[in-house]
Every structure is written in structure tokens, then in C-alpha cells.
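Beneath this line is the structure, given in C-alpha cells, with notes to follow.
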Amino acid sequence: MLYIGVDLGTSAVKLLLMEANGVIRKTVSREYPLYFPHPGWSEQNPEDWCAQTMDGLKELLTDCDRQEVAGISFGGQMHGLVILDAEDQVIRPAILWNDGRTLEECEYLNQEIGRDKLSEYTANIAFAGFTAPKLLWLKKHEPENFARIEKIMLPKDYIAYRLSGVHCTDVSDASGMLLFDVKNRCWSKEMLEICGIRKEQMARIFESYEVVGTLLPQAAEELGIPDTVKVIAGAGDNAAAAVGTGTVGDGQCNISLGTSGTIFISSKDFGVDNHNALHAFAHADGHYHLMGCMLSAASCNKWWMDEIIGTKDYAAEQAQIGADQLGENHVYFLPYLMGERSPHNNPNARGTFIGMTMDTTRADMTQAVLEGVAFALRDSLEVAKTLGISITRTKICGGGAKSPLWKTIIANVLNLKVDVIESEEGPGLGGAMLAAVGCGEYASVEEAAGKIIHVVDTIEPDSALAAKYNARYAQFKQIYPACRALFDVIA
């Protein structure tokens, strides 16, 4: 049988067709526009998602036996607010995860409602990208639209609704709304009341691998596949990517070096750190995960190379950094070009070089950028350790993971074995795997990961180099506290 994974990203939808054994038959991508109606705002038209998804699915399904398609599932951009009226029509453009209009609402939630209460209700605190602050903003600034809301949905779930007719969401994506009781895997009564929302306005909750329904006849006819094709709930992009890298079960770790950076730790048990520095979310495997999210990771290197140095030859720049220079750099870089989320939760934080002298070279600066991202990822790893979590190895994915040098730096700064997997298709592959589990091809997400995901290389930390980086990290982690007050002034 064949399984489809839909990765609804911020700039494009990526679709993947997978055979039952995990072999990827075909991938297709379709772009759609992003709108910035005011500085700091970020919106999209859900109809663009639907049109491009359907168009991409038609291409994906050419040259295959469409009768073999058994299931479809999703990974998708998290936190976005999609609101429907009584006729299930979209009321206004979706407000996205990277929209920054809700600073006042986050201040209200974190300070007046209180971080302790938010953590008690949802296991998390308010961030500007989360969904609940968006609802409060809408209630204040667009009360006529707020009054029309009959259903509140997340981006990927709107696609699932258009295919199945079911208002659904999954536990991992719901975790990022600040409306969900993560520990008990249900909507938080207290948070709904704070936001002025009725439970009836929320989508029905499913585990990521559960079947929400089957294709609507009109969708099946348009795509030329049976209306018995199952629609499976899917997961938020990071949880879906974790499934696609085999980061499931207890104590598994994945590092993503994309535009943003994440360290994702799966756990059978629920846990929250004392300062809510990490996100505590439900995982797509039926358990939980902790996630540290830094807003600028590979984008720091892109900024340094493209905008500052003025080159596209990243490999040539990194070739100037010899093995003997690792752990010896006296230049440090704080990678907070977009502010920072984990673990500092400070939108005013800024990118900072420190430690330059007259003999500092261009290569030193390049090395500092790569190391700064690694040190910032370690900040989140250190928070996880306070919960008693012991991690010895990690998978790695994302554009930055194509750099052998960066992988070596990551391995030694975090003192972890870094596993490289055979196929890196992220949320799309994770979605297809969840579809296969939902259709009974595999008994569990863990079984699917064990049979489909294969490690092809491992970068081992060197004990002497890891010790050098440990000393460097002790210096790095003093820089942000020393600059924090200044960031507020210059912001």
C-alpha cells in the first residue's frame, strides 16, 4: 500500500508518497505567498494552502496505482490561528507562528494571570507565537470577527478538515496553543475561560496516529483515489520531523539545524522544568517531549555568509577552519538575531560578537557563529539535564547538518554522539509514517521508526576536544546575563 505525508510549511507545502516499507516513491512541493500587512505581522490565506495541497497531490499521484493509496497524514507549521464561522468559512487570514503582534497579550498572560498558573494549566508559558495570545488580540482588536468564531483550528488541521469534513487536531499540535492541558491530553477549562472560548469551539482531539475519518467523496473524486482512504490526525512540524528521524520512545534526541534550531527530547513521562525554559508538549508517539527552540540557527550562518562576508561558498569558508582551531577560539557569538525563545524567552536579545582582537581572523568569526549556535543548543540541553534526563546521542537534521564541520562542533560542544540518518525528509516522512501506523501497517510509531529509519553515519565526540569546549561553554554562558540589561536598552 501507499501512504501520503503532507508537510504544510510556512513557504510551501511538501508532499511525499511512501511505500509500506518506508521507501520514498516521490516528493512534490508547491509554494504559496506570505503576507505582512503591518511590521511584525505574518499571515497566510488558508485557501492558498488548500489549493496548492490539492494541486500537489494530483502531481504526486501521477504514475502510481491510485487504488493502492491507503492513508494520508500531516506535519505542519504550529501555533497558527485559523477561525471558521457557522458555515465553516474562513473568517480572516490565518495569523502565523512567526507573527509578533501579541506582546501585550503575552505580558498579560505571563504577568497578570501568572506563569505558575499557565504552567499548571498547560505545562507552558506564553510566547508571542502561541495561539492563545492571538485569540486575546483578536478579541480586543477585531471583536466582530471574534464574535463570529464557531471553530478554532490549526493550519494542518484545516487541510485535514477540508479532506475529511472533521474538525480535528492532534495532541502535539494542540500543545503549542496554550489552550491544552498537556499532562492530561485535553483542553484546559481554565485557559478557555481566560480567552473567552467555549469548548464547543475547539476541534476534537486525537492522538497523532489515530484515524479521524475518510476522504470526502468530492475530495476522493478530484484526486482519483478511493473514498475509503483514511485521514490520520498527524502532528505539529517538530513532532512529525521527530517521527521522521526516529526520535520516538524514551530518551531519544534530535537536533534540527534549520532556519530556527531545535533540540527535541522524547520521553515516556511528563515533565516540566522549573522555569518553563523548554516547551513541554505531547509527542506524536503517544507520550511526551521537551523541546528547546532557538529562533536563529542555520539562518545565523546564512546571515554571516550572505550579508556580511558576501559569499555563497559556505564550504570554502569553513575549509579555512582547521581541526587544531576547534576549542581554541577566543571569539564568541550570541546567535540571537531574532531575539531568543529557549531558554531565555527574550524578544529583545540581540546577536553579539565578543572577544575580538587585532589578530582575529575572518575564519575565527565564522567559527564563532557555528560554535555560538552549538552553545545555545547546549543551553537547552543543560535545562533538560536538571530534570534528570540523560542523553548520550542525538540524531541531526536540517540544512546546517550538511556541514561536516558543524556536526563535529555540535558533537563536541554537547558531548553527544551525533547520528546521521539515511533519508532526511522531516515532517513529510513523519506524516506518511503516522498514516501507515493509523492504517495498521505498523503496530506503533516506535515500530515504524525502528523499521524505516536507518543511521548511516555517527560523529563521535573526542574527549579532549569536548573538555576544551566545556571550558569555553562556561565562558559563553556568562555573556548573555552580562548583556541582558543592555539588550533592553538598545532594543
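Predicted model only: the values in this text are computed from it and were never measured.
Side chains of Lys14 and Glu425 form no contact here, defined as non-hydrogen atoms less than 4.5 Å apart. Side-chain contact between Trp49 and Val82: present, with at least one pair of heavy atoms (C-beta onward) separated by less than 4.5 Å.
Crowding of Met338 atom CE: a count of heavy atoms from other residues, nucleotides or ligands under 6.0 Å not exceeding 12. In Asp324, the CG atom is crowded: over 12 heavy atoms of neighbouring residues, nucleotides or ligands sit closer than 6.0 Å.
Lys268 meets the salt bridge (Lys or Arg N to Asp or Glu O under 4.0 Å) test with Glu446; sequence neighbours excluded. Applying the ring-ring contact (aromatic ring centres under 6.0 Å, His included) criterion to His279, with sequence neighbours excluded, gives Phe127, Phe130, Phe281. Residues that satisfy the ring-ring contact (aromatic ring centres under 6.0 Å, His included) test with Tyr336, not counting sequence neighbours, are His344, Tyr480. Qualifying side-chain hydrogen bond (donor to acceptor under 3.5 Å, both in side chains) partners for Asp285, counting only residues two or more places apart in sequence or in other chains: none.
For the pairing with Cys168, the side-chain contact (heavy atoms from CB on, under 4.5 Å) check across Ile232, Ile205, Leu154, Val212 returns one residue only, Val212. Of the candidates Ile113, Thr102, Leu103, Tyr108 forms a side-chain contact (heavy atoms from CB on, under 4.5 Å) with just one, namely Ile113.
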For residues 366-376, run the donor-acceptor check on the side chains, cut-off 3.5 Å, and write out each pair with its distance to 0.1 Å, sequence neighbours left out.
{"unit_1": "Thr366", "atom_1": "OG1", "unit_2": "Trp304", "atom_2": "NE1", "d": "2.9"}
{"unit_1": "Thr366", "atom_1": "OG1", "unit_2": "Arg362", "atom_2": "O", "d": "3.2"}
{"unit_1": "Gln367", "atom_1": "NE2", "unit_2": "Gln325", "atom_2": "O", "d": "3.0"}
{"unit_1": "Gln367", "atom_1": "NE2", "unit_2": "Glu371", "atom_2": "OE2", "d": "2.8"}
{"unit_1": "Glu371", "atom_1": "OE2", "unit_2": "Tyr469", "atom_2": "OH", "d": "2.5"}

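Residues Gln44 and Tyr32 have side chains that never bring a donor and an acceptor to within less than 3.5 angstrom of each other.
Pairs passing the salt bridge (Lys or Arg N to Asp or Glu O under 4.0 Å) check and including a residue from residues 95-111, sequence neighbours excluded, read Glu43-Arg101, Asp99-Arg101, Glu104-Lys140.
With salt bridges taken as basic N to acidic carboxylate O contacts below 4.0 Å, one links Asp170 and Lys156.
Using cut-offs of 30° and 60° for the angle between ring planes, the Trp41 and His38 rings count as perpendicular.
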